[in-house]
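Structure, as structure tokens:
Sequence positions, counted from 1, serve as the residue numbers for this chain.
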Amino acid sequence: LALPSVAGRWRGYDDQLEQQLQRRTGMRNALRTAVENGELKLAYQPKIDLQSNRICGVEALLRWESPEYGRVSPAEFIPLAEASGDIVPIGGWVVQEAVAALVRWRTQGQVGDAFSVAVNVAPLQLAQPNFSNWLMDSVSAAGLPSTCLEIEVTESGLMQDMELALKQLQSLSDEGFKVAIDDFGTGYSSLAYLKKLPVSILKIDRAFIRELETSEQDQKLTETVIAMASHFGFSTVAEGVEDNAQLVLLRAMGCDQVQGFYFAPPLKESALLNMLSAL
Ligand code: C2E
Ligand code: MG
Ligand code: MG
Ligand code: MG
């Protein structure tokens, strides 16, 4: 998209804004061909089960290495892909890639049957009418049970269209997929609404974990979320765990799983496999 006249007018008083706009427009175009050009990769961040103290699965996180823009953070490019609609084919690629990786690891004996892979799903992807069928086809074609794929949807994403989200999540859970609410605590969901959702996992946002050791308020909040989650039959994952003090607190609170730099950052496949075989 070219913006000649508008851009020309802006240059006079706001060069930075124009540059930002150009960067976004340029990235949005570059993203359109990122899949076919092989610029996308997945990184895998281990999740640790606090009962067994073992890696029970990974979260697949998208990485984009653009020839033009270098490494771009998903925080920057995912919103662009959501706005253009390209998140649908890109997210499709993520699922295919994650499924293929899990098949490799299972076949080579690097992970067991209970090992799961979590993928992040954008609201627009979830809204596709055939989403759960398509997902089911993807795992069955690979010979995997639906139970080894976790779908992460953000709390704010769900609230964009609650009714549709509810229906889609119901189909996913009927098909046997595990559904997680990501970044939990950052939206405005009430307990009443939570109870209605066919989800099985709550991922507590990093914002509550960051100052867990020093903030009494964050401790109370996190403790309450974990207690409430277990009351409703959800399991809990704390994200962004960076030190042992946080781990000790979360364990005492009864958190089920943890994920964060304290254990491992998102890893490329070879590093993940090294870590799995070293344990
Ligand atoms: P998220 O799903 O909440 O993923 C967790 C983010 O926290 C990741 O950032 C991860 O690298 C980071 N993280 C993990 N542990 C720690 C820690 O201990 N400390 C700190 N400071 N950060 C930690 P990343 O990879 O940059 O992804 C950012 C967001 O982009 C994700 O948040 C997710 O919402 C989105 N995203 C990533 N991949 C995909 C994808 O394939 N599809 C969609 N729709 N969104 C994606
Ligand atoms: Mg996530
Ligand atoms: Mg998250
Ligand atoms: Mg988060």
Answer yes if the side chains of [X] and [Y] hold a donor-acceptor pair under 3.5 Å, and no otherwise.
{"X": "Glu213", "Y": "Gln246", "value": "no"}
{"X": "Arg24", "Y": "Asn29", "value": "no"}
{"X": "Glu150", "Y": "Ser116", "value": "yes"}
{"X": "Gln45", "Y": "Gln259", "value": "yes"}
{"X": "Gln22", "Y": "Glu18", "value": "yes"}
{"X": "Gln19", "Y": "Asp15", "value": "no"}

Residue pair [X] / [Y]: nearest heavy atoms and the distance that separates them:
{"X": "Gly85", "Y": "Leu124", "result": "CA-CD2, 3.7 Å"}
{"X": "Ser132", "Y": "Ser171", "result": "OG-CB, 3.3 Å"}
{"X": "Asp256", "Y": "Thr236", "result": "OD2-N, 2.9 Å"}
{"X": "Phe208", "Y": "Gly185", "result": "CZ-O, 3.3 Å"}
{"X": "Val94", "Y": "Leu42", "result": "O-CD1, 3.8 Å"}
{"X": "Glu59", "Y": "Asp182", "result": "OE2-OD2, 4.3 Å"}

With rounding to the nearest 0.5 Å, note down the distance linking [atom1] in [X] to [atom2] in [Y].
{"X": "Leu158", "Y": "Leu169", "atom1": "CG", "atom2": "CG", "result": "5.5 Å"}
{"X": "Thr25", "Y": "Gln20", "atom1": "OG1", "atom2": "CD", "result": "11.0 Å"}
{"X": "Arg210", "Y": "Asp243", "atom1": "CZ", "atom2": "CG", "result": "12.5 Å"}
{"X": "Glu97", "Y": "Leu102", "atom1": "CD", "atom2": "CG", "result": "12.5 Å"}
{"X": "Tyr262", "Y": "Ile209", "atom1": "OH", "atom2": "CD1", "result": "15.0 Å"}
{"X": "Glu223", "Y": "Leu250", "atom1": "CD", "atom2": "CG", "result": "10.5 Å"}

Are the side chains of [Y] and [X] in contact, using a 4.5 Å heavy-atom criterion?
{"X": "Ile55", "Y": "Met275", "answer": "yes"}
{"X": "Lys268", "Y": "Tyr44", "answer": "no"}
{"X": "Leu149", "Y": "Lys178", "answer": "no"}
{"X": "Ile78", "Y": "Asn120", "answer": "no"}
{"X": "Phe234", "Y": "Val199", "answer": "yes"}
{"X": "Gln128", "Y": "Gln168", "answer": "no"}
{"X": "Val237", "Y": "Ile204", "answer": "no"}
{"X": "Gln170", "Y": "Leu172", "answer": "no"}

Could you go through the side chain to side chain contact (heavy atoms under 4.5 Å, CB included) check for Phe184 and Asp205 one step at a time?
CA-CA 5 Å; Phe184 183 76; Asp205 195 68; 6.0 Å; no
Between [X] and [Y], is there a shared hydrophobic cluster once you connect ILVMFWY residues whose side-chain heavy atoms come closer than 4.5 Å?
{"X": "Leu61", "Y": "Leu31", "value": "no"}
{"X": "Val248", "Y": "Met253", "value": "no"}
{"X": "Ile201", "Y": "Phe115", "value": "no"}
{"X": "Leu164", "Y": "Phe177", "value": "no"}

Backbone N/O of [Y] and side chain of [X]: donor-acceptor pair under 3.5 Å:
{"X": "Thr222", "Y": "Gln219", "result": "no"}
{"X": "Asn37", "Y": "Glu39", "result": "no"}
{"X": "Gln125", "Y": "Ala122", "result": "yes"}
{"X": "Arg251", "Y": "Leu50", "result": "yes"}

For Arg54 and Ile48, run side chain to side chain contact (heavy atoms under 4.5 Å, CB included): C-alpha distance rounded to whole Å, both residues' side-chain angles, the deciding distance at 0.1 Å, then the answer.
CA-CA 5 Å; Arg54 298 181 65 113; Ile48 288 82; over 6 Å; no
Could you walk me through whether Val241 and Phe261 pass the side chain to side chain contact (heavy atoms under 4.5 Å, CB included) test, one step at a time?
CA-CA 6 Å; Val241 177; Phe261 295 167; over 6 Å; no
Plane angle bin for Trp64 and Tyr69 - parallel if under 30°, tilted between 30 and 60°, otherwise perpendicular
tilted
Heavy-atom neighbours of Gln108 CD exceed 12 at 6.0 Å
yes
Answer yes or no: does atom CZ of Arg104 have more than 12 heavy-atom neighbours from other residues, nucleotides or ligands under 6.0 Å?
yes
In plain terms, say whether [X] and [Y] are close enough for a salt bridge, that is, a side-chain N and a carboxylate O under 4.0 Å apart.
{"X": "Glu216", "Y": "Lys220", "result": "yes"}
{"X": "Lys203", "Y": "Asp183", "result": "no"}
{"X": "Arg23", "Y": "Glu76", "result": "yes"}
{"X": "Arg71", "Y": "Glu65", "result": "yes"}
{"X": "Arg32", "Y": "Asp86", "result": "yes"}

Test Leu267 against Asn274 for side chain to side chain contact (heavy atoms under 4.5 Å, CB included), laying out the working first.
CA-CA 10 Å; Leu267 302 165; Asn274 280 338; over 6 Å; no
Between Glu242 and Arg206, does a salt bridge (Lys or Arg N to Asp or Glu O under 4.0 Å) hold up when you go through it step by step?
CA-CA 10 Å; Glu242 295 187 354; Arg206 193 165 83 224; 5.5 Å; no
